[in-house]
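Let me begin by presenting the structure, written as structure tokens, before commenting on it.
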Protein chains: 2
Amino acid sequence: MRIGEAAAAVGMTVKALRFYEERGLLPAVRRTRSGYREYSAETVNRLEFIQRSKNAGFSLAQTQEILRIRDTGNSPCSHVRDELGVQLAHLDQQIAELTALRTAVAEHYQAIATVEPADCDPGRICSYL
Amino acid sequence: MRIGEAAAAVGMTVKALRFYEERGLLPAVRRTRSGYREYSAETVNRLEFIQRSKNAGFSLAQTQEILRIRDTGNSPCSHVRDELGVQLAHLDQQIAELTALRTAVAEHYQAIATVEPADCDPGRICSYL
DNA sequence: TCTTGACCCTCCCCTCCGGGGAAGGTCCAC
DNA sequence: GTGGACCTTCCCCGGAGGGGAGGGTCAAGA
């Protein structure tokens, strides 16, 4: 199948498929005589895995490493488990940071809602930040 | 004061100060005869506002708009209030998305911790994603 | 006076994950 | 044969700067 059909099949864009190939997540894709890419069922399978890996929050670099391990003939499962652990810790930190930021923003919002803007000191640009 | 001193005074990097100037958040900075930037107290004041605006989660574009309003001679406070409201909604959405992702990742992590990696199907790359 | 080290300058490439679009070739149905 | 959909490569764009090359400047000590 051609790139547009493959992209639609896995819910990605044509741009993304070319990008993954360029970045080495896909092996060099077969071409027709006129230069069009031809995607095999196996490559589509690989794209589906990339999609699942993305859904798990992995970066392309992490996904690429998992694929590399599998391509070497090994099972990437223990590596995936480790990465998921790191990912969990990372997510917890991100959520904590965003939550703290949300609290700070909410406080600013409260403050600005209860005070007259006219009292703002120009030298401070905006008194509520 | 020179760029390094100004950067240290407001807790930013030298790179950041040059970047803000290039992007128009700072008016053209005065130069010495040899071309070194010279920061006035007023400019340092402006940098401190930029820092506070960053801490409130505003992007440089949003900060720039606030500065533009103040430079026009108006009070940016009502604009800031609107932006803070948008920011709150945006943060809530981000937190919700990250929390959902965290749940999904935790489920993967549980699943992979309870099943033998040896059972993994190579055709699926990694059975746990 | 000379040197040394810290500081400064501009310029260019890099991040992450593609999106947007230009210029041009190919395929298929009507 | 022609129109439109599809494909190709190539290049620039974002946010917020970081890293480094190559070279100029400043102040203190020998």
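Just the heavy atoms: all of them, side chains too, but no hydrogens, waters or symmetry mates, feed the values below. The sequence lines fix the lettering, A, B, ..., with proteins before strands; numbering per chain opens at 1.
- Here F49(B) contributes atom CZ and I125(A) contributes atom CD1; the two are 6.0 Å apart, rounded to the nearest 0.5 Å.
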Could you pull out the protein-nucleic contacts involving nucleotides 26-28 of chain D (nitrogen or oxygen on both sides, under 3.5 Å)?
from	atom 1	to	atom 2	distance (Å)
dC26(D)	OP1	S34(B)	OG	2.9

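- R18(B) has its CZ atom 9 Å from the C1' atom of dT10(C), to the nearest Å.
- Counting to the nearest Å, the P atom of dC17(C) and the CG atom of L26(A) are 15 Å from each other.
- Residue F58(A) qualifies as enclosed at atom CZ: its count of foreign heavy atoms under 6.0 Å is above 12.
- Atom pair E21(B):CD and dC11(C):P shows a separation of 13 Å (rounding to whole Å applied).
- For residues 83-95 of chain B, the pairs satisfying side-chain hydrogen bond (donor to acceptor under 3.5 Å, both in side chains) are R102(A)-D92(B), Q62(B)-E83(B), Q93(B)-E97(B), with sequence neighbours left out.
- Only at 4.0 angstrom or more do the heavy atoms of residues 84-100 of chain B sit from any atom of DNA chain D, so none qualifies.
- Applying the side-chain hydrogen bond (donor to acceptor under 3.5 Å, both in side chains) criterion to T99(A), with sequence neighbours excluded, gives no partner residue.
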For nucleotides 16-20 of chain D, which of its nitrogen or oxygen atoms have a protein nitrogen or oxygen under 3.5 Å away, and what is each distance?
from	atom 1	to	atom 2	distance (Å)
dA16(D)	OP2	L60(B)	N	3.2
dG17(D)	OP2	Y20(B)	OH	2.6
dG18(D)	OP2	T13(B)	OG1	2.9
dG19(D)	N7	K15(B)	NZ	3.2
dG19(D)	O6	K15(B)	NZ	2.5
dG20(D)	O6	K15(B)	NZ	2.9

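- Sorted by first and then second residue, the side-chain hydrogen bond (donor to acceptor under 3.5 Å, both in side chains) pairs with a member in residues 7-21 of chain A read E21(A)-R37(A); sequence neighbours excluded.
- Not counting sequence neighbours, T72(B) has no partner by the side-chain hydrogen bond (donor to acceptor under 3.5 Å, both in side chains) test.
- Pairs passing the salt bridge (charged side-chain N to carboxylate O under 4.0 Å, His left out) check and including a residue from residues 64-80 of chain B, sequence neighbours excluded, read R46(B)-D71(B), E65(B)-R68(B).
- Taking hydrophobic clusters as Ile, Leu, Val, Met, Phe, Trp and Tyr residues chained together by side-chain heavy-atom distances below 4.5 Å, I69(B) does not share a cluster with L25(B).
- Spacing between atom CD1 of I3(B) and atom C1' of dC9(C) amounts to 10 Å, rounded to whole angstrom units.
- Residues passing the side chain to side chain contact (heavy atoms under 4.5 Å, CB included) test with E107(A), sequence neighbours excluded: T103(A).
- Axis deviation across the helix from dT1(C)-dA30(D) to dC30(C)-dG1(D) amounts to 30°, comparing end segments of five pairs, rounded to 10 degrees.
- Taking only side-chain nitrogens and oxygens, R31(A) comes nearer than 4.0 Å to OP1 or OP2 of dT9(D).
- At the phosphate of dT8(D), OP1 or OP2 sits under 4.0 Å from a side-chain N or O atom of R37(A).
- Here the straight-line distance linking atom OG1 of T43(A) with atom CZ of R30(A) works out to 8.0 Å at 0.5 Å rounding.
- For N55(A), the side chain to side chain contact (heavy atoms under 4.5 Å, CB included) partners at least two apart in sequence or on another chain are Q51(A).
- With hydrogens and angles disregarded, a donor-acceptor distance shorter than 3.5 Å links the side chain of E38(A) to the backbone of M1(A).
- We find that CD of Q62(A) is positioned 16 Å from P of dT15(C), with the value rounded to whole Å.
- Annotation: R23(B), atom CZ; neighbour count of heavy atoms from other residues, nucleotides and ligands within 6.0 Å does not exceed 12.
- Note: OH (Y39(A)) to P (dC6(D)) measures 16 Å, nearest angstrom.
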